[in-house]
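Naming convention: chains lettered A, B, ... in sequence-line order (proteins, then strands); numbering from 1 in each chain.
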Protein chains: 2
Amino acid sequence: MRIAELSRVSGVPVPTIKYYLRENLLPPGELTSPNQASYGELHVRRLRLVRALVDLAGVPVAQVKEVLDGLDSDTLPLHDQIGRAHRAITARRQLASNPPEAATDAATAQVEALLESRGWKVAPDAPALTTLIETIAVMRSLDQDHLVGLLETYADAVEKLTTLELAAVTSRPDRATPDQIAESVIIGTILGETLISTLRLLSQESTSAHRWTEPPGTGQT
Amino acid sequence: MRIAELSRVSGVPVPTIKYYLRENLLPPGELTSPNQASYGELHVRRLRLVRALVDLAGVPVAQVKEVLDGLDSDTLPLHDQIGRAHRAITARRQLASNPPEAATDAATAQVEALLESRGWKVAPDAPALTTLIETIAVMRSLDQDHLVGLLETYADAVEKLTTLELAAVTSRPDRATPDQIAESVIIGTILGETLISTLRLLSQESTSAHRWTEPPGTGQT
DNA sequence: CATAAACGGATAGTGCGACTATCCAAAGCT
DNA sequence: AGCTTTGGATAGTCGCACTATCCGTTTATG
């Protein structure tokens, strides 16, 4: 398969494929002549993965490269690969302004308490940690303490999900190779977030429709 | 308070504040002279909200404006305000390429079945719907059916969260005005996503550390 | 009260990320 | 043989989110 067909099959424009090749998001095709290459099913897959990460999960191209380099390396431990995936989706979530210091302090304390009570052991420089603290701090400073009160509930929910994801990924019926497990973990981490997010929105829309539009005369505000 | 102090208090550069004023993300200050304005606590709050939506939740400035316009309007029903919030975080999640048609069809059917079995009633053009279908389709086409198998579990989890969020927001101890409820719902929808996402990452990091690094000689891959 | 600093508002410019366009010489098809 | 397509290199575009500069007023300060 040459580049034109790869483009047709994948739905990605030829210039974009060339761009991805330049950026090493896509391995070069097998050269059949000094200037003629052929691509295979592997490239189609990889292209699908790249578009999904970029379009659906909103991961910057540079971070996609990081993640893929991790996947392609057969020496990088899975835990570090996960770290790259986490950084890929956390990079953009950094506050430039400053919530009041008091709110930040309270949030930091609360997060530490949460980690303690859950027994979650995370590196102090975990990418998600500062984002979590900043988010809580902002909520507090916007008088949304009742949302902050749901923190334990949220933690409960995600903890269960994490356990189930781990189980789903490691105990696949088909005996999976380490490579395949790594790929599953990374896809599950990043695209799983999109999945959860969209499901949440659908659940909200449905609930919202019931609560704030449907009942004609059910004492709403 | 004039613009320099607003900048100092909020941590947002003066030119950026001017930009937000131009884009109507921030209401104009009260004019004390033809060319002299004064800003208040309300502006500080709004600025915090804007930065949180932009930096933490990654919402594009244009969508932030949509959401804020909804909040500021006292005629737009809450359900429609929520719709704007949903569009704000879904706008960027649209696939440009094409997964195989078979996968998309299967995904569509599965999502319809899910909505049916849950009794979720959503508009057929709900912003999150196509993203969900595309995400599932991509997972399938990447041989991650085991992740797709978690769909019901995910749905369970988010359904519970939605119920609790609704309760937390509508039954605040302090008697909240409709405006305050609307603000809470929108913040809860958008920043809540950031909260859930970061908690999930922390839970994963902790689990991953246990499973793939800690035990020295516990039969890992 | 004079004068330098800060202000609000308008207009233009910058930097970055993600592509997209153009060229070219060397295949490839017909 | 001749038109098309290819891989690869280089340069250009586009949108977004800011920044920078100017300018004619205030405002603050010595």
Side-chain angles (χ1 to χ4, degrees), chain A residues 1-40 43 47 50-68 88-89 91-97, chain B residues 1-40 43 47 50-68 88-89 91-97:
Chain A
M1 175 182 347
R2 281 182 331 224
I3 203 169
E5 194 182 347
L6 179 59
S7 168
R8 224 176 315 111
V9 169
S10 65
V12 178
V14 172
T16 305
I17 296 179
K18 288 186 173 184
Y19 165 63
Y20 289 160
L21 286 168
R22 279 201 297 285
E23 301 291 313
N24 291 309
L25 298 187
L26 209 56
E30 192 190 348
L31 286 180
T32 63
S33 321
N35 70 340
Q36 213 74 182
S38 104
Y39 305 91
H43 292 89
L47 218 35
V50 169
R51 296 309 305 200
L53 296 182
V54 168
D55 289 345
L56 296 178
V59 176
V61 165
Q63 312 292 329
V64 171
K65 178 169 162 39
E66 281 292 297
V67 170
L68 295 180
I89 47 189
R92 54 195 156 105
R93 300 178 183 252
Q94 298 297 329
L95 207 49
S97 65
Chain B
M1 179 183 343
R2 282 182 330 227
I3 204 170
E5 194 183 347
L6 179 59
S7 168
R8 224 174 317 108
V9 169
S10 65
V12 178
V14 171
T16 305
I17 296 179
K18 287 187 174 185
Y19 165 64
Y20 289 161
L21 286 167
R22 278 202 299 285
E23 301 290 316
N24 292 307
L25 298 186
L26 208 56
E30 193 190 346
L31 286 179
T32 62
S33 321
N35 70 341
Q36 214 72 185
S38 102
Y39 306 91
H43 292 89
L47 219 34
V50 170
R51 297 308 307 198
L53 296 182
V54 169
D55 289 345
L56 296 178
V59 176
V61 165
Q63 313 291 329
V64 171
K65 177 168 162 40
E66 282 292 298
V67 170
L68 295 180
I89 47 189
R92 56 196 155 107
R93 300 179 184 251
Q94 297 297 329
L95 207 49
S97 65

Nearest heavy-atom pair of [X] and [Y]: which atoms, and what distance?
{"X": "A88(B)", "Y": "P60(B)", "value": "O-CD, 4.0 Å"}
{"X": "A96(A)", "Y": "R51(B)", "value": "CB-NH2, 3.4 Å"}
{"X": "A4(B)", "Y": "V14(B)", "value": "CA-CG2, 4.3 Å"}

Problem set entry | Non-neighbouring partners of Y19(B) that pass side-chain hydrogen bond (donor to acceptor under 3.5 Å, both in side chains), sequence neighbours left out | none
For this session: Give the first and the last nucleotide of DNA chain C, reading 5' to 3', that has any atom under 4.0 Å from a heavy atom of chain A.
Result: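 Counting from the 5' end, contacts occupy dA18(C) to dC29(C).
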Which value, rounded to the nearest 0.5 Å, describes the distance between [X] atom [atom1] and [Y] atom [atom2]?
{"X": "K18(A)", "Y": "I3(A)", "atom1": "NZ", "atom2": "CD1", "answer": "5.5 Å"}
{"X": "S97(B)", "Y": "I17(A)", "atom1": "OG", "atom2": "CD1", "answer": "10.0 Å"}
{"X": "E5(B)", "Y": "R2(B)", "atom1": "CD", "atom2": "CZ", "answer": "9.0 Å"}
{"X": "T16(B)", "Y": "L47(B)", "atom1": "OG1", "atom2": "CG", "answer": "9.0 Å"}
{"X": "L21(B)", "Y": "H43(B)", "atom1": "CG", "atom2": "NE2", "answer": "7.0 Å"}
{"X": "L95(B)", "Y": "D55(A)", "atom1": "CG", "atom2": "CG", "answer": "5.0 Å"}

Problem set entry | Between P of dT5(D) and CD1 of I17(A), the distance in whole Å | 16 Å
Exercise. Separation of E23(A) atom CD from dA9(D) atom C1', in whole Å?
Worked result: 13 Å
Seminar exercise, completed: Readout for nucleotides 23-30 of chain D: B = base within 4.0 Å of protein heavy atom, S = sugar-phosphate only, - = neither; 5' to 3' it is -BBSSS--
Seminar exercise, completed: In B/S/- notation (B base, S sugar-phosphate only, - none; protein heavy atoms under 4.0 Å), nucleotides 11-18 of chain D written 5' to 3' is ------BB
Problem set entry | I89(A), V67(A), V54(A), V50(A) screened by side chain to side chain contact (heavy atoms under 4.5 Å, CB included) with V59(A), the one that passes | I89(A)
Exercise. Which residue pairs pass the side-chain hydrogen bond (donor to acceptor under 3.5 Å, both in side chains) test with at least one member in residues 22-36 of chain B, sequence neighbours excluded?
Worked result: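 Matches after skipping sequence neighbours: none remain.
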Exercise. Heavy-atom contacts under 4.0 Å between residues 7-15 of chain A and DNA chain D, which residues?
Worked result: none
For this session: State whether the side chain of S10(B) and the backbone N or O of L6(B) hold a donor-acceptor pair below 3.5 Å, judged by distance alone.
Result: yes
